[in-house]
**Student:** 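My structure is below; once you've seen it, I'll send some questions.
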Amino acid sequence: MGQERFADVVERFTNGFGAAAPAASPEVVTQWQEELDKNFRRLKNLHQMVANPTEPKVGQTPREEIYKKNKSRLYRYASSRRHRTPILFVPNLGISRPYIFDLLPNGSFIEHMTREGFDFYLLDWGVFGPEDNDLSVETCVTKLLPRMAQKVLETSGTDELSVLGYCMGAPISACFVATHPDVPVKNFINMAGPIDFSKVGLFGLWLSKEYFSVDRFVDTFGSVPADMVKAGFKLIKPTMDLSTNVNLWWNLWNDKYVEGFQALNKWANEYVAFPGEFFRQWVRDFYQENRLYRGELVMGGRPVRLGNITCPVFVVGAKEDYIAPPECVRALIDAVGSREKEYIELPGGHISLIAGRGAALHCWPKVSGWLAPHS
Amino acid sequence: MADTTANQLFDLWKKQFEEGSQAWTRLMTQTPAAAPADPFAFWRPVLDQGLQTWAKLFSQAPASPELLTQWKQFLDQWIEAWSKVLGQTMGTEHFAKLMGQSLDQLLTAQAPIKKAGDQAIEQTLQALNLPSRTQLAAVAKQIVELEDRIERLEDMLGTLLRRLDKEPR
């Protein structure tokens, strides 16, 4: 824009606003007073965040460590255990920490499930180092998950369990359920877990074999460093940080909002590295070859056939999920051999499906509501 | 009145922004030999008209905090529009190819540097009689394998004990 044109516009603006403007009504004055008060509280909270930052208290639901294997931990949460069948919750390996599912009191999926009387077990895969670079998807499916399921059955004293997979945890646990018919899985739930990777969106395009050499990447770096994982997820939604900060400033006067923001922000900036071999197999077999959905995957010498899953299946997709789009998640319904299966699509994105106010309204009651009569 | 003019502003801005975003997408995907388009050709009239409308708005009614809410909505829509434009651009084969090529170049440059750096650090630590990361990782792996073996022994013992319990005395 030319300097002269901008000056003309400024002159018109300032000439139009002045003596000719009418006096403000009492309502407008009150509104401005409220706005000034909000701004004062914004500055106060901003000062508090910058000058005296406090570490947010996350993961406060009481739990007990049941079992550990290398970096992985199995936790059992305190609950009335009204429902007999325990739940083994399998989240994503790497990428981020699992306390997102237990973020804050009255804002926690795990707290909700334990309040509903479920015997809830969380598998925390752990934070990986260079010594874990040989950990593969196959090891998780054939060694770790069977062991975790066994520990759940032993400690709960039951002879069946439900498996709930979220995000990457869903296809991995689907492989486990499909290849271990000896493990008594009563129900299988998939929350935002990609199954048909031909419909997985941007990550599918960026990681396709035409453009991404996973072997070369893993052979060079050994693992996928946490910073690279962070860069990948930031790139998929580059305006997220700007939008987050604009909304933070807008709501900074609200102490509850600030508390929630600090907890979520802590999680959103704490990324976990991928073990090298895990990443290699995950990208090659799932993203590039789509072997799980096409029935070409083999784990521990056993073919992985989703049709071998015959227990009741519940699948939850998120309408605005750009990491695991709904059509990619829904594909499990057509692939399993279960007679009883149900798919629902809820508002929200990949994270807001399971964490946040929207999740508490839409998702959590649906999941606990479906599981209760099946447990 | 304020709502009508604000809505008009948004509608006008949306229309101009869509045209501008299409120009950006064409710019990103066009070949280098093509003459670069002037992206600001679409933005100048938007900003000018927007400022004129705001000036008219202020002269007709007193400013209220609702304007701040409208400004926030404007920002949200602006960010959302940018998000869509960037998403469309990044969803193209061209972008994926560019990203793959950048990564390939990084790996080509990184691999020998990393290898040389790792070797230098190993030699330095050896000279100082200190363990390297590779050695520590190897020790950690051995500990994990030992844990595995102990677990298998525990499983075997457990199975034997259960069999003994079941056998008639």
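Naming: A, B, ... by sequence-line order, numbering from 1 per chain. Only a predicted model underlies this, so the values are computations on that prediction, with no experimental measurement involved.
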**Student:** How about A:Lys319: does its NZ atom have over 12 heavy atoms from other parts shown lying under 6.0 Å from it?
**Tutor:**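 Yes, enclosed.
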
**Student:** Taking everything shown except A:Asp182 itself, do over 12 heavy atoms lie less than 6.0 Å from its CG?
**Tutor:**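 For A:Asp182, atom CG is crowded (more than 12 foreign heavy atoms under 6.0 Å).
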
**Student:** Using a cut-off of under 4.5 Å on heavy-atom pairs, state which of B:Ile143, B:Asp76, B:Thr108, B:Leu136 scores highest against chain A.
**Tutor:**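 It is B:Thr108.
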
**Student:** Is the shortest heavy-atom distance from the side chain of B:Thr69 to the side chain of A:Trp250 under 4.5 Å?
**Tutor:** yes

**Student:** If you look at every heavy atom in B:Leu107 and A:Arg216, which pair is closest and at what distance?
**Tutor:**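 The pair with the smallest heavy-atom distance is C-NH2, 3.8 Å.
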
**Student:** So for B:Ser102, is it side chain, backbone, both, or neither that comes closer than 4.5 Å to the heavy atoms of chain A?
**Tutor:**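 Neither the backbone nor the side chain of B:Ser102 comes within 4.5 Å of chain A.
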
**Student:** Quick check on A:Phe221 against chain B: is it the side chain, the backbone, both or neither that has a heavy atom closer than 4.5 Å?
**Tutor:**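 Contact with chain B involves both backbone and side-chain atoms of A:Phe221.
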
**Student:** Kindly give the heavy-atom pair with the smallest separation between B:Met99 and A:Leu235, and that separation in Å.
**Tutor:**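 That closest heavy-atom pairing would be SD-CD2, 3.4 Å.
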
**Student:** List the atom of A:Leu205, the atom of B:Gly91, and the distance in Å for their closest heavy-atom pair.
**Tutor:** CD2-O, 3.4 Å

**Student:** How far apart are the closest heavy atoms of A:Leu242 and B:Trp78, and which atoms are they?
**Tutor:**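 It is CD2-CZ3, 4.3 Å.
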
**Student:** Which one of B:Asp155, B:Leu86, B:Thr134 has the most heavy-atom pairs closer than 4.5 Å to chain A?
**Tutor:** B:Asp155

**Student:** A:Met240 versus B:Ser83: any side-chain heavy-atom pair under 4.5 Å?
**Tutor:**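 Not touching, per the 4.5 Å side-chain cut-off.
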
**Student:** Do A:Asn247 and B:Lys72 have side chains that approach each other closer than 4.5 Å (heavy atoms only, starting at C-beta)?
**Tutor:**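 The answer is yes, as the side chains (C-beta and beyond) meet within the 4.5 Å cut-off.
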
**Student:** Do B:Asp148 and A:Arg147 sit within salt-bridge range, that is, some charged N less than 4.0 Å from a carboxylate O?
**Tutor:**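 Between A:Arg147 and B:Asp148 there is no salt bridge, as every charged N stays at least 4.0 Å from the carboxylate O atoms.
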
**Student:** Against chain B, label A:Ile236 side chain, backbone, both or neither, depending on which of its atoms sit under 4.5 Å from a heavy atom there.
**Tutor:**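 When you check distances to chain B, only backbone atoms of A:Ile236 fall under 4.5 Å.
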
**Student:** Hey, can you pull the donor-acceptor pairs under 3.5 Å for the side chains in residues 125-140 of chain A, sequence neighbours left out?
**Tutor:**
from, atom 1, to, atom 2, distance (Å)
A:Trp125, NE1, A:Pro91, O, 2.9
A:Glu131, OE2, A:Lys71, NZ, 2.5
A:Asp132, OD1, A:Asn70, ND2, 2.9
A:Asp132, OD2, A:Lys71, NZ, 2.6
A:Asp132, OD2, A:Gly129, N, 2.9
A:Asn133, ND2, A:Pro130, O, 3.4
A:Asn133, ND2, A:Gly222, O, 3.3
A:Asp134, OD2, B:Lys141, NZ, 3.0
A:Ser136, OG, A:Glu138, N, 3.4
A:Ser136, OG, A:Thr139, N, 3.2
A:Ser136, OG, A:Thr139, OG1, 3.0
A:Glu138, OE2, A:Gly300, N, 2.8

**Student:** Looking at side-chain heavy atoms only, is the closest gap between A:Trp206 and B:Leu103 below 4.5 Å?
**Tutor:**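 Answer no - side chains too far apart.
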
**Student:** Side chain, backbone, both or neither: which part of A:Leu202 has an atom under 4.5 Å from a heavy atom of chain B?
**Tutor:**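 Only the side chain of A:Leu202 comes within 4.5 Å of chain B.
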
**Student:** Looking only at heavy atoms and a cut-off of under 4.5 Å, which of A:Gln150, A:Lys69, A:Lys237 has the most pairs with chain B?
**Tutor:**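 Going by pairs under 4.5 Å, I would pick A:Lys69.
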
**Student:** Counting only heavy atoms closer than 4.5 Å, note whether B:Glu93 contacts chain A via side chain, backbone, both or neither.
**Tutor:** both

**Student:** Strictly by salt bridge (Lys or Arg N to Asp or Glu O under 4.0 Å), give each pair with a member in residues 126-138 of chain B just once, sequence neighbours left out.
**Tutor:** none

**Student:** Under a 4.0 Å threshold between the charged nitrogen and the carboxylate oxygen, would B:Lys97 count as salt-bridged to A:Glu210?
**Tutor:**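 The answer is no: the pair does not qualify as a salt bridge.
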
**Student:** Does any heavy atom of chain A fall under 4.5 Å from the side chain of B:Leu106, the backbone, both, or neither of them?
**Tutor:**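 It is the side chain, since no backbone atom gets that close.
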
**Student:** Please flag which part of A:Lys143 lies under 4.5 Å from any non-hydrogen atom of chain B: side chain, backbone, both or neither.
**Tutor:** neither

**Student:** Given a strict heavy-atom distance threshold of 4.5 Å, which part of B:Asp104 is in contact with chain A: side chain, backbone, both, or neither?
**Tutor:**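 Both backbone and side chain of B:Asp104 come within 4.5 Å of chain A.
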
